[in-house]
Amino acid sequence: MAITQKTDDIQRQQQATKWDTERSVELYGVRDWGSDYFDISADGNAVVSIQFGDSTVQVPIIDIVNGMKERGLEMPAVLRIENLLDQRIKQLNEAFANAIKQADYQSYYRGVFPIKVNQQCHVIEEIADFGRHYHHGLEAGSKAELIIALSQLKDHDSLIICNGYKDAEFIDLGLYARQMGIPCFFVIETLSELPIILARSAALGIEPLIGVRIRLASMVEGHWNEDSGDRSIFGLSTNALLDVVEQLKQSNMLHCLQMLHSHLGSQIPNIRNIRTGVLEACRFYTGLIEEGAPMGYIDLGGGLAVDYEGTRTNTTHSMNYSLEEYCSNIVETIQESFEPLGIAHPVIVSESGRALVAYSSMLLFNILDVRDHKPGKLPETLPEDSHDLLGNLFYVLQNVTLKNLQECYNDSLYYRDEMREEFHRGQSSLRERALAENISLAILEKISELLPQATRISPELETLPELLSDIYYGNFSLFQSLPDIWAMDQIFPIMPIHRLGEEPTRNAVLADITCDCDGKIDSFAHADGIRKTLPLHALKDNEEYYLSVFLVGAYQETLGDLHNLFGDTNVVSVHINEDGSFDFVREFHGDSIADVLSYVEYDPKVMEEQFRRIAEQAVRDGKITVSVRQQILKAFREGMQGYTFFER
Ligand SMILES: *Cc1c(COP(=O)(O)O)cnc(C)c1O
């Protein structure tokens, strides 16, 4: 035993000397999913890369984390890189502009950001601010979102697109925007909206800009595809569409119908589906022109995907096309549809949310604890009078070879379970059971180490490394910060942000601190497909180990819930400068315990008073002194003001 242990260590060391950051780049696939924004530096740190003209500035994320610590912003935290948001707005708009130029398309592109994808004030402000140059507008799906759009957009060439159910109040706001010269479209999703729009328009004497959302028959692959096809809950059926046209004609308002709207769903992995959808939308557009509507705008909704896996395939969490292909496919399909018919090229509108904001945020957290499945120290030999089952297990342990892996696997589990039975019946002791489990684990570990050399492996043995993997407990709540992992089995790239020059010798699944069995991450993106475990580094004493979940800017921040009353995390926005320095442009301290308690209708003041009475009674009963009472009340008050997550 001792001897094998030693050779293992030597092998490990030899491997460790061979490890370098390039191998980490490959292992974590950072250049595949990082889209030039993330990389690993030569000294083993994850970096954010920002392009300034021809030069690239790289900032280690760990430096930003250290800066956060100095400012009292503890883990977990959402880190937003403002530059990445700007970069994405620029790339999307320029990709469309290039496609339009290349095709000699006779109109232009107008993007709108769907507020629901990330409503956070700083994100919307930055999009409105930086996007102004490209007249990038906003899409609102509710009154609250329309109010955000009206207060944030300062450019009257940017569109506001109103989707969702609209009541009279919503419509009045949109009409007033129209009166002030803001191009604000009402997209009709159901027949019942139209009479309200017509009535409010007549009452206020303001003509609306109207779009119609159609229900495409084209079906779409992927996770979020329920927005497409006949059963979609959104959009007008063909019959309802003609009804809208009829009502508009009757009220002499057909000239207000200027936009065709379609949304195929989010995260569309296959470019073919996009092309088919655009083609069908063009047919509807043509039909409406034939009905006498002026039209002028074609809005293709969202759907532009993010390659979370980095595999460039048409699987759910990936995409088989580039941004440039997406744009040129849309531009060319529209052009090819309308050219033969002599229809003027419409303004192309898209509502990309995910692709615009996903890259700009990451969730950072530290590891609190590790539970490994390593066997404890085993005796060199067993005492003479040992339990028979222990003898059997020990024999198996000493005789594992490449040839009998399956047999040893079966035996180790069999004897271990027999021992558990004996324990049940009171025929073996706690110590005997513990030793049996330990030896069994040592056998499984030996088998697992030999597996890579084995030629044929049973499915049972294939899952062994997973069974033996560690659990790394992270300081975050899945339900609060990564709801789509829990709700939709979403995959996000996850990687340590430092120590990437060292070999990660452990295989782990991640658990959050909610102690809920659903609060774990056990699917990880990998070049060969999805993996059940993530290679990580062994923890060092007195040193934090930080991980980052990347590409979490879309849909994660406001969907989260208060499971176990873990609240909002700290949020930091950073702007990276050309000289490699960075500014903390925004800091938000996450919820305190008092905050989350008040969300569920407790009054922290009342609670403190109730607790004070309990402490006072304890003084009266002689259980504590007054000065201890003061200490206890202080701890209670400080607890109330503290962060909901684990504080060091
Ligand atoms: C959600 C949504 C979007 C955003 O879709 P992404 O795939 O995130 O780009 C756009 N338009 C509408 C109508 C939506 O409901």
Side-chain angles (χ1 to χ4, degrees), residues 85 88-89 91-93 95-96 109-120 123-124 127 131 136-142 144-146 148-149 159-166 185-190 193 211-216 220-229 232-236 259-271 273-274 277-278 281 297-308 316-319 321 323 326-327 330 348-361 483-484 487-488 490 492 551-559:
L85 195 51
R88 292 301 290 172
I89 297 171
Q91 280 177 331
L92 177 67
N93 280 281
F96 264 112
Y109 169 74
R110 282 283 182 271
V112 291
F113 175 73
I115 296 175
K116 73 153 194 259
V117 182
N118 191 326
Q119 303 103 326
Q120 300 297 311
V123 172
I124 300 297
I127 290 172
H136 207 96
L138 294 168
E139 184 265 353
S142 65
E145 291 182 357
L146 177 58
I148 293 176
L159 301 178
I160 294 180
I161 310 282
C162 303
N163 288 314
Y165 288 97
K166 295 170 269 297
F185 274 91
F186 295 130
V187 175
I188 297 178
E189 310 228 19
T190 64
E193 288 180 305
V212 276
R213 177 159 177 181
I214 45 149
R215 205 183 292 171
L216 295 179
V220 165
E221 299 154 38
H223 228 67
W224 286 267
N225 66 0
E226 61 282 0
D227 287 355
S228 66
S232 161
I233 52 171
F234 295 108
L236 300 164
M259 173 181 282
L260 184 99
H261 185 286
S262 69
H263 172 62
L264 280 170
S266 199
Q267 182 69 16
I268 301 174
N270 194 343
I271 187 77
N273 293 149
I274 290 167
V278 175
Y297 294 83
I298 187 162
D299 182 338
L300 300 163
L304 175 57
V306 166
D307 195 354
Y308 295 99
T316 311
H317 309 289
S318 185
M319 60 199 281
Y321 54 95
L323 174 60
Y326 174 81
C327 298
I330 288 176
I348 299 172
V349 181
S350 82
E351 304 175 348
S352 279
R354 180 187 299 279
L356 216 64
V357 293
Y359 292 94
S360 58
S361 298
D484 281 352
M488 341 242 349
Q490 165 79 18
F492 292 105
L551 276 48
V552 298
Y555 298 104
Q556 304 311 296
E557 294 188 47
T558 21
L559 283 181

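Keep in mind that the numbers below use all heavy atoms, side chains included, and drop hydrogens, waters and symmetry copies. Not measured: the values here are computed from a predicted model. Order of appearance sets the numbers: ligands from 1, and atoms from 1 within every ligand.
In this structure the side chain of His261 never reaches within 4.5 angstrom of the side chain of Glu189, judged on heavy atoms. Side-chain contact check for Tyr308 versus Gln267: some heavy-atom pair is nearer than 4.5 Å. Side-chain contact between Tyr555 and Lys116 is present, with at least one heavy-atom pair separated by less than 4.5 Å.
Looking at Glu193, its side chain does come within 3.5 Å of a backbone N or O of Lys166 through a donor-acceptor pair. A donor-acceptor contact shorter than 3.5 Å links the side chain of Arg88 to the backbone of Ala355.
Residue-to-ligand polar distances keep Asn163 apart from ligand 1: every N/O pair is separated by 3.5 Å or more. Between Glu139 and ligand 1, not a single N/O pair is under 3.5 Å apart. Here's the thing with Gly301: none of its N/O atoms is less than 3.5 angstrom from an N/O atom of ligand 1. Looking at ligand 1, you won't find any N or O of His261 less than 3.5 Å from one of its N or O atoms. Not one N or O of Ser352 is nearer than 3.5 Å to an N or O of ligand 1, by distance alone. At under 3.5 Å, a nitrogen or oxygen of Gly353, whether backbone or side chain, sits near a nitrogen or oxygen of ligand 1.
Contact between Ala554 and ligand 1 is absent, with no heavy atom of the residue lying under 4.0 Å from the ligand. Under the 4.0 angstrom criterion for non-hydrogen atoms, Pro114 is in contact with ligand 1.
Considering Arg213, Glu139, His263 in turn, Glu139 is the only one that fulfils the side chain to side chain donor-acceptor pair (under 3.5 Å) rule with Asn163. For the side-chain contact (heavy atoms from CB on, under 4.5 Å) test with Tyr109, the passing option among Ile330, Val349, Ile348 is Ile348; the others fail.
For ligand 1, the atoms sitting less than 4.0 Å from at least one non-hydrogen atom of Gly303 are 5 (O), 6 (P), 7 (O), 9 (O), numbered in the order shown with element in parentheses. Each of the following atoms of ligand 1 lies closer than 4.0 Å to a heavy atom of Lys116: 1 (C), 2 (C), 3 (C), 14 (C), 15 (O). Which parts of ligand 1 touch Tyr555 is read off a 4.0 Å heavy-atom cut-off, strictly below it: atoms 1 (C), 4 (C), 5 (O), 6 (P), 8 (O). Interface of Arg354 with ligand 1, defined as ligand atoms under 4.0 Å from a residue heavy atom, comprises 6 (P), 8 (O), 9 (O).
Qualifying side-chain hydrogen bond (donor to acceptor under 3.5 Å, both in side chains) partners for Asp299, counting only residues two or more places apart in sequence or in other chains: none. Under the side-chain hydrogen bond (donor to acceptor under 3.5 Å, both in side chains) criterion, Glu145 pairs with no residue, sequence neighbours left out.
Of all the heavy atoms of Arg213, the ones lying under 4.0 Å from any atom of ligand 1 belong exclusively to the side chain. Counting heavy atoms closer than 4.0 Å to ligand 1, residue Glu351 contributes atoms from both its backbone and its side chain. Contacts between Ser266 and ligand 1 below 4.0 angstrom, taking non-hydrogen atoms only, involve backbone and side chain alike.
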